[in-house]
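Here is the structure we will look at.
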Amino acid sequence: MAPLLLCAFGIVFVLLRIHSNEVDVVPDSIGLALYAAGLWRLHSSSRLLSTAAVIGGAAAVLALADFAPGLLSGDTEEALAFLRGVVVALAAVFGAAGLRGLAQISDRPVARAYAAAALGLAAGLCLFVGGWAVNPNDHALAVALVGWSQVLTAVALAAYAVVLLMSANHVWAQPPSRKDSPP
């Protein structure tokens, strides 16, 4: 399977929220692992992709906490939710930025789409961190910022998944071993 197809399916898994008895039926940990695996197949092409793959793998491990709802105490659970939000967003930002660099050489429109996704994801991350930062002083503003960050991040992730799907078969998006082999 093409690396970017793995990434796209992983992002779709992260976006899907189907719960049964407080457990996500489509676990984020599987989606993040697929995303990380897809980027890892391209890691030799870019340091950003290597970084995104490693961060995505760490996010997949953090997302395993979904399988044990209520296991952690309140403060620990909040800290984990913050860390997970940051790590997932960083994996997506670095991945989109790294893919923009790969596409820039031969496919400028796709490179611009990856740049737009990275910018939207980075803006969502800034809103998320800002919301957590102002929470002790202004809870209403914190809730608004985190809410808007979730909306912006969901839209940016959906756009990112579409770009991943559309560019999955491009030559620049293939692992180094497949680029050199005849069709």
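Residues meeting the side-chain contact (heavy atoms from CB on, under 4.5 Å) test with Val86, sequence neighbours left out: Phe82, Leu90, Leu125, Phe128, Val129. With sequence neighbours excluded, the residues satisfying side-chain contact (heavy atoms from CB on, under 4.5 Å) with Ala156 are Leu121.
Between the side chain of Tyr35 and the main chain of Ala91, a donor-acceptor pair closer than 3.5 Å is present. Looking only at distances, a side-chain donor or acceptor of Arg41 sits under 3.5 Å from a matching main-chain atom of Met1.
When all heavy atoms are compared, the tightest approach of Ala173 to Leu42 is O-CD2, 3.6 Å. Closest heavy-atom contact between Pro3 and Gln174: CD-OE1, 4.4 Å. The shortest non-hydrogen separation linking Ala33 to Ala60 is N-CB, 3.8 Å. Residues Ala97 and Ala118 share a closest heavy-atom pair of N-CB, 4.1 Å. The two residues Ala2 and Ala168 come nearest to each other via the heavy atoms CB-O, 3.7 Å. In terms of heavy atoms, Leu49 sits closest to Gly95 at CD2-O, 3.6 Å.
Atom CG of Leu152 sits about 9.5 Å away from atom CG of Leu157, to the nearest 0.5 Å. Distance check, rounded to the nearest 0.5 Å: OG1 of Thr76 to CG of Leu83 gives 12.0 Å. The structure places CZ of Phe94 at 12.0 Å from OG of Ser50, a figure rounded to the nearest 0.5 Å. Atom CG of Leu99 is separated from atom CG of Asp107 by 11.5 Å, given to the nearest 0.5 angstrom. Taken from CG in Leu32 to CZ in Phe13, the straight-line distance is 11.0 Å, to the nearest 0.5 Å. Atoms OG and CG, on Ser29 and Leu64 in that order, are 5.0 Å from each other to the nearest 0.5 Å.
Leu34 and Leu165 fall within a single hydrophobic cluster, where Ile, Leu, Val, Met, Phe, Trp and Tyr are joined by side-chain heavy atoms under 4.5 Å apart, directly or via other members. By the rule that hydrophobic residues join a cluster once side-chain heavy atoms approach within less than 4.5 Å of another member, Leu15 and Leu4 end up as members of one cluster. Hydrophobic clustering (ILVMFWY, side-chain heavy atoms < 4.5 Å, transitive): Val14 and Leu127 are in distinct clusters. Cluster annotation: Val162 and Tyr114 are assigned to distinct hydrophobic clusters (Ile/Leu/Val/Met/Phe/Trp/Tyr, side-chain heavy-atom contacts under 4.5 Å, transitive). At a threshold of 4.5 Å between side-chain heavy atoms, the hydrophobic network of Ile, Leu, Val, Met, Phe, Trp and Tyr places Met166 and Leu5 in two separate groups.
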Considering only distance and modelled atom types, tabulate donor-acceptor pairs under 3.5 Å from the side chains of residues 130-137, sequence neighbours left out.
residue: Asn135; atom: OD1; partner: His139; partner atom: ND1; Å: 2.7

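Proximity of Leu62 to Val88: side-chain heavy atoms (C-beta onward) are nowhere separated by under 4.5 Å. Looking only at side-chain heavy atoms (C-beta outward), Tyr160 and Ile11 come within less than 4.5 Å of each other. For the pair Cys7 and Leu39, the minimum side-chain heavy-atom distance is below 4.5 Å. A heavy-atom distance below 4.5 Å is found between the side chains of Val110 and His170.
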